[in-house]
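One structure is given here, and the rest of the page talks about it.
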Protein chains: 2
Amino acid sequence: MTSPEGGDRRPASERLADELRRSIESGELPAGAKLSSERELAELHGIARNTARQAIRLLAESGLVIAEHGRGVFVRPAISVIRLGNDRYSPRYRDTGLSPFLLECAKQGKAGRFEVLSVERVTPPADVAARLKLSPDTLSALRRENVFWADADPVQRVTTWLPWALADGTALLRDEVGHPFGIHGILEERGHTMTRIHDEISARMPTPDEREHLQLSPGVPVLDVLHTSIDTEGEPYELTRFVMRADLSGLRYDAPVE
Amino acid sequence: MTSPEGGDRRPASERLADELRRSIESGELPAGAKLSSERELAELHGIARNTARQAIRLLAESGLVIAEHGRGVFVRPAISVIRLGNDRYSPRYRDTGLSPFLLECAKQGKAGRFEVLSVERVTPPADVAARLKLSPDTLSALRRENVFWADADPVQRVTTWLPWALADGTALLRDEVGHPFGIHGILEERGHTMTRIHDEISARMPTPDEREHLQLSPGVPVLDVLHTSIDTEGEPYELTRFVMRADLSGLRYDAPVE
DNA sequence: GAGTGGTCTAGACCACCTA
DNA sequence: AGGTGGTCTAGACCACTCC
């Protein structure tokens with residue numbers, strides 16, 4: 001850049017990032033608009049291409065723009081968020097015949113579907129075993145992995161663990177469990193009715209693996225939810241980890257103060 | 001790099017990042033250890049310094065290392081997470097005389113404190129007004145801003161909005177509300193007992209402002225929680241936005257299935 | 001003062017998309 | 001084919017930390 005206008009002593013990349021950010025927030029660059037190319041920005045501002053590139057990275061990291069290889073850099077469109085609520089397990093919604101995720105997609109006019117990745121007998125990781133209160137001599141569980149899609153976007157990776165003793169010999173071992181109320185319908189028939197939930201929520205950047213599976217653009221974090229189902233006896237019997245794209249989804253909890 | 005060993009055709013920066021990642025995960029580089037400097041890494045691997053730098057950025061973005069200007073790059077130590085639970089509003093904890101955040105800090109042996117940033121009469125943003133069911137002719141609210149600290153780290157920025165009619169003329173306008181049960185103690189005396197909560201949770205990268213206030217390292221997302229308090233009449237009367245460092249904090253919900 | 005990360009330059013080639 | 005972003009090089013200077 002020719003000179004730090006207005007006595008702005010910050011790095012040129014930050015100044016350019018701020019200029020572009022203002023253009024976006026003022027609406028001068030509306031959602032979906034294409035920014036000038038890195039080479040154009042560099043020439044216009046009298047800086048090296050790498051410096052313009054650094055400015056764009058700053059914007060991409062805060063989620064304002066998205067770079068598309070070979071096409072250009074675009075202002076990220078506002079997206080509607082799929083908000084998974086704690087009422088997702090409520091018997092109230094059973095008569096819709098839809099699982100909670102699909103119901104939420106339908107509300108937002110999106111086509112939801114899910115895919116079964118694997119159904120396997122495994123030794124669960126320590127944090128899962130602890131929350132399921134599995135004793136060391138029964139350290140065996142059924143693990144089911146799914147991916148949930150809304151339209152063309154993968155939104156959540158969902159991994160469920162069940163104590164092996166509970167799952168063995170049931171339809172839970174099949175890819176399609178074939179019960180109108182899903183796996184919780186089968187678990188109810190086996191005497192475990194979900195009475196309380198215990199959810200632990202974290203946010204973090206995705207692992208390289210997750211970045212690929214969820215088609216995450218750089219700078220988008222994930223919500224990591226560890227859900228434990230508690231039965232009428234107060235005992236845990238099912239655990240699910242949701243890894244959710246934070247740009248497309250969120251959570252909602254409605255609960256009494258106890 | 002001299003040649004893509006083992007036919008690995010990925011960029012050199014990714015290969016170096018993976019090599020370092022393995023060293024960290026195997027314990028060869030334990031928490032707190034200093035990595036070789038960028039210049040050393042470049043020379044050792046026969047790559048340009050910028051390429052070594054890119055590898056380190058990949059690791060920093062996934063939270064594995066932290067770069068300290070003038071000192072070096074260090075393996076990020078495992079950190080204990082302050083998990084804010086929905087029982088934070090429970091009357092059960094009143095006899096401890098501690099607010100929920102301070103209680104959670106105490107449990108983890110940290111020194112918790114909070115700081116009042118501002119107490120002002122404002123026109124609330126649209127999303128806040130809607131959740132508080134403020135009508136357009138009473139669009140006025142008291143806003144209180146706080147920062148919560150654990151030891152030397154700022155952990156949460158907390159902003160509370162109250163309908164002006166509810167706050168006017170009360171101790172809520174003062175910096176220190178001077179009630180043993182905090183603002184909710186005063187609100188109860190004014191006839192609003194928290195009966196239910198409605199929390200909406202998102203994760204995102206911080207704004208530049210938040211990055212500064214929360215002293216966030218690059219690649220650390222925030223949890224953004226919009227909490228609404230519902231009284232015995234089922235009406236909302238208080239709204240709080242928590243912006244929490246995701247590397248130091250999380251959430252927990254224990255709730256009945258209704 | 002020596003060493004570190006942070007920023008920047010002015011080039012180069014590659015991978016990808018659009019036409 | 002031409003333009004785009006992705007990666008890389010081989011330098012340079014600055015800001016910060018530590019001795």
Side-chain angles (χ1 to χ4, degrees), chain A residues 1-4 8-20 29 32-61 64-76 208 211-212 215-219, chain B residues 1-5 7-20 29 32-61 64-76 208 211-212 215-219:
Chain A
M1 271 192 187
T2 53
S3 76
D8 190 341
R9 309 185 139 280
R10 289 175 311 151
S13 53
E14 281 184 36
R15 275 183 281 138
L16 174 54
D18 258 21
E19 184 185 318
L20 293 169
L29 283 169
K34 185 171 170 307
L35 274 62
S36 307
S37 77
E38 295 174 350
R39 288 163 179 88
E40 282 169 4
L41 285 172
E43 195 173 2
L44 277 168
H45 294 82
I47 57 179
R49 183 185 157 207
N50 273 351
T51 307
R53 200 174 155 68
Q54 160 79 351
I56 286 172
R57 185 170 60 238
L58 291 172
L59 296 179
E61 278 174 4
L64 259 80
V65 301
I66 170 89
E68 296 185 28
H69 195 169
R71 301 212 326 122
V73 179
F74 300 86
V75 179
R76 206 162 198 143
R211 176 165 283 145
E212 188 182 339
Q215 295 174 17
L216 282 162
S217 6
Chain B
M1 276 195 183
T2 53
S3 74
E5 309 116 24
D8 192 339
R9 309 188 139 279
R10 290 175 312 152
S13 53
E14 281 184 37
R15 275 182 281 136
L16 174 53
D18 257 22
E19 183 185 320
L20 292 168
L29 283 168
K34 185 170 171 306
L35 273 62
S36 306
S37 76
E38 296 175 351
R39 288 165 178 85
E40 282 169 2
L41 285 173
E43 196 174 2
L44 277 169
H45 294 84
I47 57 179
R49 184 184 156 207
N50 273 351
T51 306
R53 200 173 155 68
Q54 160 78 351
I56 286 171
R57 185 168 59 238
L58 291 173
L59 296 179
E61 278 174 5
L64 259 83
V65 302
I66 171 90
E68 296 184 28
H69 194 169
R71 302 212 326 120
V73 178
F74 300 86
V75 179
R76 206 166 197 141
R211 175 165 283 145
E212 189 182 340
Q215 294 174 18
L216 281 162
S217 359

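Chain A is the first sequence line, chain B the second, and so forth, proteins listed ahead of strands; every chain is numbered from 1.
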If you assign A/Thr51 and B/Gly72 each to the DNA chain C nucleotide with the nearest heavy atom, which residue ends up on the more 5' nucleotide? B/Gly72
Please indicate whether A/Glu68 has more than 12 foreign heavy atoms, meaning atoms of other residues, nucleotides or ligands, lying under 6.0 Å from its CD. yes
In whole angstroms, how far is the [atom2] atom of [N] from the [atom1] atom of [X]?
| X | N | atom1 | atom2 | answer |
| --- | --- | --- | --- | --- |
| A/Gln54 | C/dG6 | CD | P | 10 Å |
| B/Ile66 | C/dT4 | CD1 | C1' | 15 Å |
| A/Leu35 | D/dG5 | CG | P | 9 Å |
| A/Leu59 | D/dG5 | CG | P | 13 Å |
| A/Lys34 | D/dT4 | NZ | C1' | 7 Å |
| B/Arg53 | D/dT7 | CZ | C1' | 15 Å |
| A/Glu38 | C/dC16 | CD | P | 16 Å |
| B/Leu16 | D/dC8 | CG | C1' | 14 Å |

Report yes if a side-chain nitrogen or oxygen of B/Ser13 is closer than 4.0 Å to either non-bridging phosphate oxygen (OP1 or OP2) of D/dT7; otherwise report no. no
Taking only N and O in the side chain of B/Ser37, is any of them less than 4.0 Å away from OP1 or OP2 of C/dG3? no
Salt bridge (Lys or Arg N to Asp or Glu O under 4.0 Å) partners of B/Glu14, counting only residues at least two apart: B/Arg10
State, to 0.1 Å, how close [X] and [Y] come at their nearest heavy-atom pair, and which atoms those are.
| X | Y | result |
| --- | --- | --- |
| A/Ser13 | A/Ala55 | O-CB, 3.3 Å |
| B/Ala52 | B/Leu16 | CA-CD2, 3.9 Å |
| A/Arg76 | A/Ala60 | NH1-O, 4.4 Å |

Is B/Val65 close to B/Leu29 at the side-chain level, that is, under 4.5 Å between some pair of heavy atoms? no
Considering only heavy atoms from C-beta outward, does the side chain of B/Lys34 approach that of B/Arg71 to under 4.5 Å? no
Under 4.0 Å protein heavy-atom contact, by nucleotide of nucleotides 11-19 of chain D - B base, S sugar-phosphate only: -B--BBSS-
